[in-house]
Structure formats: C-alpha cells, structure tokens
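Scroll down for the structure; my scribbles are underneath it.
So you know, we letter chains A, B, ... as the sequences are listed, proteins then strands, and number each from 1. Just so you know, these numbers use all the heavy atoms, side chains as well, and skip hydrogens, waters and symmetry mates.
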Amino acid sequence: MTMVRVRFAPSPTGQPHIGWARTALFNWLFARHFGGTFVLRIEDTDQKRSVEGAAQVFDDAFSWLGFTYDEGPNKDGGFGPYLQSERLANHLAVRDRLLEEGKAYPCFCSPETLDAGRAEDRRLGRPPRYPATCRSIAAEEGRARIAAGEAHVIRLKVPPEGRLVVHDLIRGDVEFDLAVLDDFVLIKADGTPTYNFAAVVDDAQMAISHVLRADEHLSNTPKQLLLYQAMGLPAPAFAHVPMILAPDHSKLSKRHGATPIAEFVAQGFLPEAVVNYLMMLGWNPGGDREFLTLDEAAELFTLERVQKNPAVYDTQKMTWMNAHYLRALSEDELWRRTLPFLSAQKLLAEPVSAELGAYARSALSLVQSRVSTLAEAADAVRFFFEEPREFDPAGVAKHLARPGTAGHLTALAGRLAQTDFSAGALETALTELAAELGVSRAELIHPARLAVSGKTVGPGLFEMLAVLGAKGTVDRLHAAAKMAAP
RNA sequence: GACCCCAUCGUCUAGAGGCCUAGGACGUCACCCUUUCACGGUGAAGACCCGGGUUCGAAUCCCGGUGGGGUCACCA
C-alpha cells in the first residue's frame with residue numbers, strides 16, 4: 001500500500017469546535033491505523049477572514065485533546081509551508097501552466113454581470129451557470145488585456161457534458177452530471193486562489209493520499225477531480241464522513257451547538273471523555289463496546305465502520321461519559337485536575353501546602369461520584385473551604401423547623417466536641433445521642449448536614465464531618481442552632 | 001428550485017437475507033442498596049419512515065414516494 005498521508009485543513013476563522021475536533025480525530029485515527037502521516041494545513045487564503053495566532057489556537061486545542069498532527073506549522077515534514085497563504089507561488093505556477101496549456105482562461109466579466117446572469121437563471125428555473133462568455137476570447141487577446149491591467153479572474157475549462165464519478169470510500173460511487181458544473185473560478189480578481197483550486201494544488205503537492213473530510217464537501221469533489229485531470233495528476237482517495245448536527249438537527253454553527261473546545265475546558269470536561277464521545281459519533285468498533293482510548297481506537301479504526309448518516313450531538317450523553325471518566329480518576333489525579341478550578345474560584349491559593357492538599361484530596365473524593373465535571377467538583381467541595389453562605393430554603397423548612405431542633409444541634413455540637421473525628425466514632429456518638437434524646441438518627445443527621453454544608457444533598461454525613469474536622473463542625477452546628485426552632 | 005447524500009427506540013448505535021420475540025448505551029420511569037444525594041444493581045416503557053417489488057424468507061437487496069441534511073460564490 002502506498003504511504004498514507006492525510007490532512008486536516010481548517011480555516012483559521014473562529015474557535016476550534018466539536019465538528020472540527022471530530023474531523024481532525026478521524027484523520028488522526030486513520031493515519032495512525034495505517035502508520036501514516038497526519039498533516040495540518042491552515043487554509044488562510046481569504047485574507048479578510050484570517051485570524052492572527054491561529055496556529056497557536058490549534059496547537060492549544062490539540063494539546064488538550066491529546067493527539068496532534070505529525071506535520072504542520074512549526075513541524076516541517078518536507079512538504080511545507082503549511083500555511084496556505086505562503087503557498088501562493090505554487091498556486092500561481094499551476095495557474096500559468098493551465099493557462100499555457102489552454103486548460104484555463106481569463107474572464108473579464110464583472111461581478112454585476114454575473115450576478116444578473118445568475119438571477120436570470122434562477123428566474124427561469126434553471127441552475128445558475130456561468131455562460132462561458134470569455135472562454136472564446138483568443139489567448140492572444142486575453143494576454144493583451146491582462147497586460148493592460150484589466151480586472152479578471154481565471155476560470156477552468158470544464159467539459160460541457162459528460163459524467164464524473166467520485167469513488168468515495170464511505171459512500172461508494174457517486175455520479176455527477178458535468179452539465180450542472182460551469183467554468184468555475186480558480187484565481188480571484190485579487191490574484192489569490194479560490195478554495196477548490198488551492199486545496200487541490202496543495203493536496204497534490206503535499207502528496208496527500210486520502211482526503212477525509214466532512215460530508216458537506218462531497219458536492220465540491222467533482223470540481224476537484226476536474227482539477228486533478230487538468231493538472232494531469234492522479235487524485236487522492238476521498239472519504240466523506242457524516243456531519244455532526246445540532247440537537248435540533250440543523251448544521252452546527254457558532255450560534256448553534258458548535259461548542260468551542262475552550263468551552264469544554266472551562267466547564268471542566270476531561271479530554272479523554274470528550275475524545276471518546278466524539279470518536280463514537282459516526283463511528284464505532286462494532287458490537288457493544290463504547291469505552292476506548294485513543295490508541296485502542298486507532299487500532300480498530302476503519303472507514304468501513306464509519307456511519308453514512310449524520311449524528312446529532314447530545315450533551316447529556318457526553319456529560320455522562322465525562323462523569324464516568326471522572327469517577328475513574330485516582331485521588332491524586334482528581335486533585336491535580338480540579339486544582340485550577342478551585343483556585344479560579346478563590347477557594348484556595350497556590351502554592352498549596354501539603355496539609356491543605358491532603359484535605360482537598362479527601363474532600364474531593366467524597367464528591368467524586370456525585371459530580372459530572374471538574375467545575376462541578378470544585379463547586380461541590382466549596383463548603384469544605386468556607387462556611388456555607390446560604391442554606392437550602394426547602395431544607396431549612398424541613399429540617400430546622402421542628403421544635404427542639406436548636407437544642408438537638410447544640411447537644412450534638414457538645415457531644416461531637418468530645419469525640420474522636422473518625423467516621424466510625426462520629427457515627428457511634430450521634431447514634432448514642434439520638435437514643436438519649438429519644439429521637440431518630442435522621443432527626444439529627446439531616447439538620448447536621450444542612451448546618452455544615454448548607455445543603456440537603458451530599459456525601460455521607462460522617463465521612464463529611466471527619467474531613468471537615470472538629471472546629472468547623474462544632475462552630476457550624478452552633479451557628480445553625482441559632483437559626484433552628486427552639 | 002436543481003444536484004448530491006442519508007434514513008433502526010427521543011439521542012448515539014449493533015445488525016452485512018433466516019441467529020431478530022430487533023441487542024447495547026445515554027435519557028426517562030420503577031424497585032433494591034441507603035442518613036440525604038449520587039454511585040452501583042435489577043427491571044420497564046421505547047425504533048426497523050411509507051408503498052411496491054425480488055425471495056421459501058427481508059431491518060438487511062431493488063424501485064418509487066416521503067422526510068432530514070448538504071451543495072449550488074471572485075467563502076473555506
């Protein structure tokens with residue numbers, strides 16, 4: 001088999017989002033599976049839309065996701081440059097050759113004329129096509145007008161009829177009628193190449209063997225095939241992967257479900273969970289298996305198992321998967337990953353002492369099975385670092401309103417003050433006190449939980465108190481006694 | 001509108017003519033565990049878009065319809 005070289009060619013506009021990540025991931029998986037090379041090329045041909053520092057943004061996204069390109073900006077593999085705008089000379093050289101060989105020609109029609117033509121086509125209900133007006137201009141005259149500085153674009157001579165078939169590795173053969181294509185633009189009036197032209201020239205020169213890209217590009221493929229023919233070069237294999245759709249089944253857009261990677265980072269998602277979720281959107285290893293590492297997926301990844309139909313992106317399932325990975329984290333790992341969230345919320349300041357670190361670790365493991373993201377973990381552990389500022393109103397009404405509760409809390413505070421702060425000893429002490437007071441354990445447990453955490457839900461009371469410690473526990477029980485019914 | 005792609009529970013999917021009484025996961029609901037909430041466990045409801053063929057037999061193959069999506073630029 002020939003050397004597998006795939007590329008991911010994003011435009012530098014906007015933030016990398018999930019659709020972006022999924023396509024990049026499939027390319028990476030495919031490259032790894034076949035021991036090939038994954039190339040990143042930034043398609044910044046449209047100057048108006050380029051964004052400064054795009055390469056850095058991509059690098060950050062890749063480094064979080066946990067996989068990256070083998071060749072790209074700052075990672076020369078001998079096929080650079082990897083910024084499309086820097087490949088202009090190559091594009092123009094190909095343009096010149098096509099012009100010389102009579103496969104392309106200059107077009108002097110004004111945008112207004114073309115717009116009018118398209119409007120007319122639409123009105124008459126036929127597909128809008130460029131009428132090839134300038135195709136008949138003699139090469140000599142064309143050269144003269146260009147030399148005279150007349151505004152022009154360069155167009156490809158497209159055969160007026162015939163059929164073209166795209167051998168798609170996922171969809172099989174897809175046939176297109178050349179009659180629906182027109183002599184499309186290769187070089188714009190400002191002298192820069194169009195997407196289709198630049199992409200084809202670059203893919204060819206970068207020796208790309210397989211083009212794996214989103215389904216939306218399938219309609220572009222015949223144009224690109226025509227270009228390979230004109231250039232006299234073999235086309236790469238194509239595979240169009242299904243798109244990811246927003247929950248309302250519409251195309252992902254900034255306004256609509258295309259959550260930026262940075263947003264997942266900020267919400268405390270784990271990259272291994274996001275990647276696992278994403279790889280299963282439109283692909284699966286067969287059977288019921290759903291948890292895979294990147295390496296395992298690379299081993300198993302084949303285009304045969306890529307879905308043909310688009311997948312709707314479901315936050316709930318991704319959140320579930322994140323919670324699953326979160327629960328599997330070791331105490332140290334959970335602490336290490338949650339630390340940035342804790343310090344962002346000013347719950348502790350770095351550097352953290354060994355003692356405080358141990359305390360945080362214990363607190364964190366108590367909430368581990370109860371949260372879905374790192375941000376939630378930081379939040380759930382808040383009361384271990386500061387006294388509760390507010391108390392759940394329903395909880396107050398339910399657990400602090402019973403007459404005698406204030407006395408019970410005071411008694412509990414007194415009893416616990418003399419107790420060893422281990423979960424076992426605390427439980428024994430509370431159980432004994434409940435018996436002495438003639439109340440159920442629950443009548444002590446619920447008010448106590450509310451007193452120390454402000455909430456009605458959370459970790460087991462005794463484990464919680466054991467971590468919180470005597471001082472914090474006793475103070476909070478006394479404070480709550482003042483709010484409780486006497 | 002034209003062209004192209006697609007079609008299994010609400011969602012992600014298994015399924016490559018008989019193994020399907022259509023399996024799994026998320027979500028939903030119940031129950032168990034339990035000091036609360038989670039976790040975990042058990043169970044329930046829930047789908048082959050419709051219509052024609054082909055075949056002894058179709059979720060699987062073919063055709064048509066319908067529905068959804070994409071593309072129709074001097075944007076990528």
Side-chain angles (χ1 to χ4, degrees), chain A residues 9-13 43-46 48-49 84 107 109-111 114-115 118 121-122 125-130 151-155 166 168 170-171 174-177 179-182 184-196 198-199 214-222 240 242-243 245 247 249-251 277 280-291 304 307-321 323-324 327 367-372 380 395 399 427 430-431 434 440-446 448-450 453 455-462:
Chain A
S11 111
T13 330
E43 309 228 319
D44 57 345
T45 50
D46 184 12
K48 290 189 289 291
R49 306 213 313 182
Q84 194 163 63
C107 166
C109 297
S110 72
L114 298 175
D115 281 347
R118 271 193 288 268
D121 283 336
R122 261 184 235 285
R126 36 174 214 224
R129 293 183 76 221
Y130 169 66
H152 66 284
V153 300
I154 304 298
R155 289 180 183 272
V166 176
D168 190 278
I170 292 171
R171 280 146 220 289
V174 182
E175 249 186 54
F176 291 87
D177 188 345
V180 305
L181 262 34
D182 59 7
F184 57 93
V185 174
L186 268 25
I187 300 287
K188 300 180 254 181
D190 66 0
T192 62
T194 57
Y195 160 73
N196 282 121
D215 201 14
E216 56 187 323
H217 291 286
L218 183 54
S219 304
N220 275 323
T221 313
H240 289 91
M243 317 228 315
L245 265 28
H249 291 75
S250 68
K251 189 181 173 180
Y277 175 71
M280 303 299 276
L281 273 188
W283 174 80
N284 74 79
D288 294 336
R289 191 162 178 201
E290 59 185 342
F291 294 111
E304 288 72 47
Q307 211 73 17
K308 289 191 181 77
N309 50 317
V312 172
Y313 161 65
D314 178 18
T315 319
Q316 274 188 323
K317 186 156 188 179
M318 194 177 74
T319 302
W320 163 80
M321 186 159 273
H324 175 91
R327 269 178 254 127
V367 304
Q368 188 165 20
S369 72
R370 281 165 249 263
V371 297
S372 298
H399 301 303
E427 179 160 12
L430 181 139
T431 305
S440 69
R441 280 160 44 102
E443 279 177 73
L444 255 28
I445 288 173
H446 293 303
R449 177 195 316 288
L450 193 61
S453 72
K455 294 183 250 183
T456 58
V457 301
L461 179 69
F462 307 110

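A sub-4.0 Å separation between OP1 or OP2 of U35(B) and a side-chain N or O of Arg441(A) is present. OP1 or OP2 of C3(B) has not a single side-chain nitrogen or oxygen of Arg129(A) nearer than 4.0 Å. Between G40(B) and Arg327(A), a contact under 4.0 Å exists linking OP1 or OP2 to a side-chain N or O.
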* Asked: Quick one: what's the B/S/- string for nucleotides 62-67 of chain B, heavy-atom cutoff under 4.0 Å, read 5' to 3'?
  -> ------

* Structure fact -> The contact string for nucleotides 5-12 of chain B, one letter per nucleotide 5' to 3', using protein heavy atoms under 4.0 Å with B, S and - for base, sugar-phosphate only and none, comes out as SSSS--SB

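Candidate nucleotides G1(B), A14(B), U35(B) were compared by shortest atom distance to the side chain of Phe462(A), and U35(B) ranks first.
Heavy atoms of Asn220(A) sit under 4.0 angstrom from at least one base atom. Val185(A) comes within contact range of the sugar-phosphate backbone alone, with a heavy-atom separation under 4.0 Å but no base atom that close. Among the protein residues, Met243(A) comes within range of the sugar-phosphate backbone only, with heavy atoms under 4.0 Å from sugar or phosphate atoms but none that close to a base. Within 4.0 Å (heavy atoms only), Arg289(A) reaches no atom of the nucleic acid at all. Among the atoms of the strands shown, only primed sugar atoms or phosphate atoms (P, OP1, OP2) are found under 4.0 Å from some heavy atom of Lys251(A). At a threshold of 4.0 angstrom between heavy atoms, the contacts of His217(A) include nucleobase atoms, whether or not backbone atoms are also involved. Using a 4.0 Å heavy-atom cutoff across all strands shown, Thr194(A) reaches sugar-phosphate atoms only and no base atom.
Nucleotide G67(B) has C6(B) as its partner under the Watson-Crick or G-U criteria, with both atom distances under 3.5 Å. A 3.5 Å limit on both hydrogen-bonding distances identifies no Watson-Crick or G-U partner for U54(B). Remark: U11(B) base-pairs with A25(B); criterion is Watson-Crick or G-U wobble with both hydrogen-bond distances under 3.5 Å. Across all strands shown, C39(B) has no partner, as no Watson-Crick or G-U wobble contact with both distances under 3.5 Å is found.
For the residue pair Thr194(A) / Asn196(A), no side-chain donor-acceptor distance below 3.5 Å is found, with atom types taken as modelled.
Side-chain contact between Asp215(A) and Pro310(A) is absent, with no heavy-atom pair separated by less than 4.5 Å.
Between the P atom of A76(B) and the CG atom of Asn196(A) lies a distance of 9 Å, rounded to the nearest Å. Going from atom CG of Asp288(A) over to atom P of A22(B) covers 16 Å, rounded to whole Å.
For the P atoms, the distance linking C63(B) with U71(B) amounts to 26 Å, nearest Å.
Using cut-offs of 30° and 60° for the angle between ring planes, the Trp320(A) and Phe291(A) rings count as tilted.
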